[in-house]
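Here the structure comes first, spelled out in structure tokens, and everything after it is commentary.
In this text the structure is predicted, and so the values were computed from the model without any measurement.
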Amino acid sequence: MNTRVLLADDHAMFRSGMRAVLDTQPDLECVGEASDGRAAVAEVARLRPDVAVLDVRMPKLDGLAATEAILTTPGCTTKVLVLTTYDHDDYVYRALRAGASGFLLKNLPPEELVSAMRVVARGDALIDPSVTRRLVSRFTTSIEPPAGPAELDRLTSREREVLLLIADARSNAEIAEELHVGDETVKTHVSRILSKLGLRDRVHAVVYAYQHGLVRAAPRD
């Protein structure tokens with residue numbers, strides 16, 4: 001079954017270009033477009049895509065407010081990938097707090113954006129590598145911990161090990177190679193970690209690890 005994608009951006013050329021790229025992918029399908037944030041919210045409700053790709057700066061309703069509106073809708077299963085041409089920490093922070101599954105800069109090659117859509121669709125989360133560590137370093141002290149330290153006692157030693165590797169921005173494949181286990185085993189560990197700690201996704205697992213001193217944040221730029 002194809003992953004159904006909605007593109008929301010006020011630049012028609014960007015939408016048409018990404019649609020052309022998606023049309024070449026056998027597992028992805030562009031089911032709709034929107035040129036402003038309000039239309040994006042309405043189209044997600046109407047079409048129920050697997051992934052909504054939202055630009056930050058859009059008329060009528062910005063992409064971050066649209067993300068919050070989409071993800072607070074009861075029964076929503078759409079994953080949101082936020083794109084921006086602006087490398088602003090506050091954008092990343094707002095996207096994270098709104099519940100976005102990904103935040104990337106629009107200057108990435110099209111193939112990387114397409115890959116990100118697949119990552120988000122399968123339930124993983126990602127932030128552009130150029131801002132990930134700075135984001136964690138700056139904001140972990142200002143985000144309320146999603147679970148108390150006692151929750152860590154629920155993790156097995158292997159699950160703690162996997163959590164540390166997630167915090168090191170390792171992919172499932174890299175974790176599997178490091179621990180000499182299969183990908184499915186890693187997926188099981190990740191799922192159990194998120195469930196036990198009450199976390200939404202891998203991004204929040206990274207934040208949790210820094211918040212609770214499992215890893216040390218790098219000095220701020």
Side-chain angles (χ1 to χ4, degrees), residues 1-6 21-22 24-31 48-53 67 70-71 75-82 95-96 99-104 108-129 131-133 135-136 140 145-215:
M1 181 179 295
N2 287 351
T3 295
R4 304 170 70 251
V5 179
L6 172 78
V21 172
L22 291 175
T24 68
Q25 307 300 309
D27 60 329
L28 298 173
E29 176 188 3
C30 182
V31 295
R48 297 183 179 277
D50 300 304
V51 177
V53 181
T67 295
I70 290 168
L71 296 178
C76 176
T77 58
T78 298
K79 306 294 185 181
V80 175
L81 176 61
V82 176
L96 180 62
S101 294
F103 181 97
L104 294 174
L108 287 175
E111 60 270 18
E112 292 191 30
L113 294 179
V114 168
S115 177
M117 294 176 199
R118 294 190 178 99
V119 169
V120 169
R122 66 173 179 253
D124 287 335
L126 73 167
I127 302 176
D128 190 275
V131 297
T132 299
R133 292 194 182 281
L135 167 76
V136 171
T140 49
E151 301 295 328
L152 286 169
D153 294 337
R154 296 183 180 182
L155 301 184
T156 66
S157 58
R158 177 47 63 94
E159 288 166 353
R160 280 177 174 253
E161 192 173 5
V162 172
L163 177 58
L164 290 176
L165 292 171
I166 293 173
D168 194 39
R170 304 287 189 92
S171 67
N172 280 359
E174 290 170 335
I175 294 174
E177 183 177 0
E178 175 77 15
L179 300 181
H180 306 290
V181 298
D183 286 352
E184 290 301 320
T185 298
V186 174
K187 289 179 182 178
T188 298
H189 285 316
V190 172
S191 178
R192 288 176 178 171
I193 290 168
L194 298 182
S195 176
K196 289 180 179 181
L197 299 182
L199 303 172
R200 183 168 59 236
D201 52 43
R202 296 170 73 100
V203 171
H204 286 78
V206 174
V207 172
Y208 183 94
Y210 277 82
Q211 282 181 309
H212 292 91
L214 300 181
V215 288

> Mind checking whether L104 and L113 have side chains closer than 4.5 Å, heavy atoms only?
Replying inline: yes
> Any side-chain heavy atom of D27 sitting closer than 4.5 Å to one from T3?
Replying inline: no
Separation between [atom1] of [X] and [atom2] of [Y], rounded to the nearest 0.5 Å:
{"X": "I166", "Y": "L199", "atom1": "CD1", "atom2": "CG", "value": "9.0 Å"}
{"X": "Q25", "Y": "N2", "atom1": "CD", "atom2": "CG", "value": "10.5 Å"}
{"X": "R160", "Y": "S157", "atom1": "CZ", "atom2": "OG", "value": "9.0 Å"}
{"X": "T24", "Y": "E111", "atom1": "OG1", "atom2": "CD", "value": "10.5 Å"}
{"X": "E177", "Y": "D183", "atom1": "CD", "atom2": "CG", "value": "10.5 Å"}
{"X": "L71", "Y": "S101", "atom1": "CG", "atom2": "OG", "value": "7.0 Å"}

> More than 12 foreign heavy atoms under 6.0 Å from CZ of R48: is that the case here?
Replying inline: no
>> Closer than 3.5 angstrom, by distance alone: can the side chain of S191 be matched with the main-chain N or O of K187 as a donor-acceptor pair?
In response: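 Absent.
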> Checking R154 side chain against L197 main chain: does a donor-acceptor pair fall under 3.5 Å?
Replying inline: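 Judged by distance alone, no pair lies under 3.5 Å.
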>> According to side chain to side chain contact (heavy atoms under 4.5 Å, CB included), who are the partners of T156, at least two apart in sequence or on a separate chain?
In response: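 Expected list: R158, E159, K196.
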